[in-house]
Amino acid sequence: MASIRPMPGQVQSIARAAAILRLLASSSGRLGIGEIARSLDLPKGTAHGIVRTLQDVGFVEQDKTSGKYQLGAALLHLGTSYLDVNELRSRSINWADPLAARSGEAVRIGTLLDGKVLVVHHVFRPDDTLQTLDVGSLLPPHATALGKVLLAYDVGAANSVMQGEPEPYTRRTLVTARTLTRALTEIRDNGWGAEIEEMTLGEAGIAAPIRGYGGLVVGAIGLSGPVDRVCDGHGHPRPTLVAYVRDAARAVSRDLGAARW
Amino acid sequence: MTDSYVVSIDQGTTSTRCIVFDRRGNLVSVAQREHQQHFPRPGWVEHDALEIWRNVGKVVPRALAQAGVTADQIAAIGIANQRESTVVWDRRTGVPVAPAIIWQDTRTDALVETLARAPGAEDVRQRCGLPLATYFSGPKLRWLLDHSPGLYERAERGEVLFGTMESWLIWNLTGGPDGGLHLTDVTNASRTMLMDLRTLGWHPDSLAFFGIPAAMLPEIRSSSEVYGTATAVLPGVRIAAALGDQQAALFGQTCFAPGDAKCTYGTGSFLLLNTGAEPVHSRHGLLTTVGYQIGGEPAVYALEGSIAITGSLVQWFRDRLDLISTAPEIETLARTVEDNGGCYIVPAFSGLFAPHWRSEARGVIVGLTSYITKGHLARAVLEATGWQTREVVDAMNADSGLDLTALRVDGGMTANNLLMQFVADVLAVPVVRPMVAETVSLGAAYAAGLAVGYWPDLEGLRSNWHLAARWVPEMDDAVRAEERENWQRAVERTFGWIKPEARAANE
């Protein structure tokens with residue numbers, strides 16, 4: 001229908017989605033698809049497609065008994081993290097295990113919490129040696145692969161880390177704004193990041209971003225282990241391990257509803 | 001040479017899943033489809049067996065496509081299934097004569113009470129290792145025969161067939177009306193009440209007790225052998241294993257030695273302990289069951305403690321109380337408080353299972369004060385699963401004379417870190433999670449792979465088992481003792497809630 005013609009450079013479906021949200025916000029009760037379509041002069045199928053998408057992202061909720069729609073709870077919490085960390089663990093557990101099994105290294109999943117990396121999930125290195133679960137512990141973002149990947153997609157957090165005084169754990173820790181900025185750009189270009197003896201001598205790690213709906217980065221998944229196992233003879237992260245990490249990140253992202261990853 | 005894989009089909013209570021595994025036991029791909037739950041009357045739970053069979057036809061190709069694998073790369077198919085759920089179908093048309101009666105269904109309540117008083121009941125119990133309860137297939141099958149006109153006669157003539165879900169799927173996979181194989185495995189057969197635990201065959205006296213014609217029963221085979229070749233869904237691939245889901249998890253956890261135990265945390269939770277070549281009869285409310293049988297080798301037995309309500313208590317908290325929007329959020333909510341604040345929830349929603357077996361009990365929330373928040377309730381929900389595990393472990397230790405030294409866990413709730421720590425705390429032994437959380441599917445794959453030589457032996461499977469996480473007890477002994485006593489007092493308050501008159505009126 002020709003009722004809402006987009007201006008050049010506009011995306012029609014976003015304009016329509018905004019109209020549907022306004023309509024739901026101003027209506028006193030819940031609305032059915034027919035009512036929404038009629039109010040906005042849209043074909044029913046079009047309205048349904050948009051409402052379904054809004055429902056998937058949590059902006060719209062459907063009442064189970066009447067089948068009608070209202071604004072979703074996610075709209076009220078736009079400012080806070082939209083994915084519960086325990087939910088993130090539960091959704092990624094099936095992919096973190098195979099990553100540890102294939103790579104032979106310990107796997108961790110992290111998210112940013114108050115400028116630190118919160119370990120949300122931890123899978124032991126599969127060699128049955130004594131290891132301690134460190135779920136709930138905090139890691140420094142500038143000195144870990146997980147942290148740098150998270151900073152690469154969070155400008156605000158990256159700025160506050162650089163404005164603080166990043167602690168030098170080893171000679172290789174990135175502590176200046178210039179080196180960190182360069183590293184974060186590289187991570188965005190490559191889609192993954194690494195840490196080589198930046199936190200602990202002899203230790204290295206590789207991480208990649210986990211994306212949620214619409215491509216938003218909600219966490220990072222990575223492995224870590226002795227530098228001679230994680231890196232090749234030239235001191236570069238081994239390509240096979242990088243591929244494993246990226247595959248796992250993509251698998252979790254797909255499960256979380258990120259379309260392209 | 002291209003890689004080969006093993007496919008497992010897990011026909012569960014809420015969904016059917018297909019998982020492709022590689023030689024190291026790693027999950028390569030997974031596809032899943034839920035089926036409808038029908039609740040036609042209070043206490044009744046039914047599935048449409050045809051819907052389930054159609055779902056198998058959908059999830060298997062999807063899992064293969066996801067893995068980028070073709071049927072000729074599949075070494076074998078293994079099946080794990082929801083146990084006890086009962087299907088009767090027409091041998092000529094392949095159409096079920098009635099909806100499948102699911103394990104949770106309690107319609108046989110009155111029938112079971114009558115049977116329990118009938119002569120020979122004690123012999124049946126001794127022979128099959130199970131108490132007379134609505135849970136098992138025998139009473140469900142008898143109910144169907146009683147309530148479908150003409151069905152008994154047709155069963156006697158062999159025109160209709162009985163099976164649990166693995167029988168139904170194998171029959172359909174191997175041709176259905178067109179020469180389908182009608183068989184079951186020892187683990188599933190051990191849940192019917194019709195099998196003799198020692199001979200591993202249908203017992204004529206047990207069949208007579210329940211009034212079930214032998215002609216409708218499947219042939220009992222081992223859990224790990226080539227039963228036949230599929231003609232549908234994966235034509236040409238060998239079907240080489242079938243196990244009830246909990247036994248499959250025991251196998252997937254490589255609990256091959258007497259004393260090895262696992263607990264699978266799902267909707268309900270099931271703790272199984274390998275007791276070796278001899279069935280152990282319980283004096284503490286546990287079930288005696290077959291753990292697995294590999295080809296012509298002697299069967300391995302297990303003690304089982306079933307807990308009816310664990311994950312489903314979290315679902316209730318989410319769907320009925322609306323206090324959380326997803327199940328994992330219960331941990332977030334529980335972590336908003338330090339402890340349970342003195343509040344306990346005993347989820348005896350349909351009575352209590354092991355080790356109490358009190359059908360007249362109903363759930364309670366005790367210790368409520370104005371101090372209690374939803375965070376405390378969330379803690380109490382999780383702690384209920386921990387304490388119920390403890391009760392079953394105590395019963396197992398008493399029956400088997402073995403002291404549990406570690407508990408292997410799997411299932412969806414193992415993603416809940418707070419819960420797993422609490423289980424370790426109340427058991428006072430380490431809780432360990434293996435690298436592959438999908439142990440039900442893995443067990444079926446292992447048993448199938450073993451039968452076709454994809455994996456050489458049990459030792460080879462054991463070397464695939466790796467520790468993914470370990471929770472060690474941190475709770476102070478005095479606190480544990482105090483909390484345990486509180487839990488026991490809470491449990492006592494559930495007893496006798498349903499009055500005898502009310503139960504009589506329902507019959």
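Convention: sequence-line order gives letters A, B, ...; per-chain numbering from 1.
- Between B:R17 and B:E438, at least one side-chain nitrogen of the basic residue sits less than 4.0 Å from a carboxylate oxygen of the acidic one, meeting the salt-bridge criterion.
- No more than 12 heavy-atom neighbours from other residues, nucleotides or ligands sit within 6.0 angstrom of CZ on A:R22.
- Chain A forms more heavy-atom pairs under 4.5 Å with one residue of B:V28, B:T332, B:V30 than with any other, namely B:T332.
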Q: Take B:Y454 and B:Y5 through the ring-ring contact (aromatic ring centres under 6.0 Å, His included) test and state the conclusion after the steps.
A: CA-CA 9 Å; B:Y454 184 79; B:Y5 303 86; 8.0 Å; no

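- Residues meeting the side chain to side chain contact (heavy atoms under 4.5 Å, CB included) test with A:E87, sequence neighbours left out: A:L83, A:D84, A:R91, B:T326, B:P328.
- Of residues 459-468 of chain B, those residues lying under 4.5 Å from chain A by any heavy-atom pair are B:W465, B:H466, B:L467, B:A468.
- Ring centers of B:F251 and B:F256: under 6.0 Å apart, within the cut-off.
- Residue B:R335: no heavy atom, backbone or side chain, is found under 4.5 Å from chain A.
- Contacts of B:N417 with chain A are made by both backbone and side-chain atoms, with heavy-atom separations under 4.5 Å.
- In this structure, the portions of B:R470 lying under 4.5 Å from any heavy atom of chain A include both its backbone and its side chain.
- At least one test fails for A:R52 against the ring of A:Y69: distance under 6.0 Å to the centre or angle within 45° of the axis.
- Side-chain contact of B:S4 with B:Q73: a donor-acceptor pair under 3.5 Å is absent, judged by distance alone.
- Contact check on A:K148 versus A:E195 returns no salt bridge, with no Lys/Arg side-chain nitrogen under 4.0 Å from an Asp/Glu carboxylate oxygen.
- Comparing A:I93, A:D127, A:L88 by heavy-atom pairs within less than 4.5 Å of chain B, the highest count is held by A:I93.
- A:H121 touches chain B through its side chain: at least one heavy atom from C-beta onward sits under 4.5 Å away, while N, CA, C and O do not.
- Salt-bridge annotation for B:R433 and A:D97: present, with a side-chain N of the basic residue lying under 4.0 Å from a carboxylate O of the acidic one.
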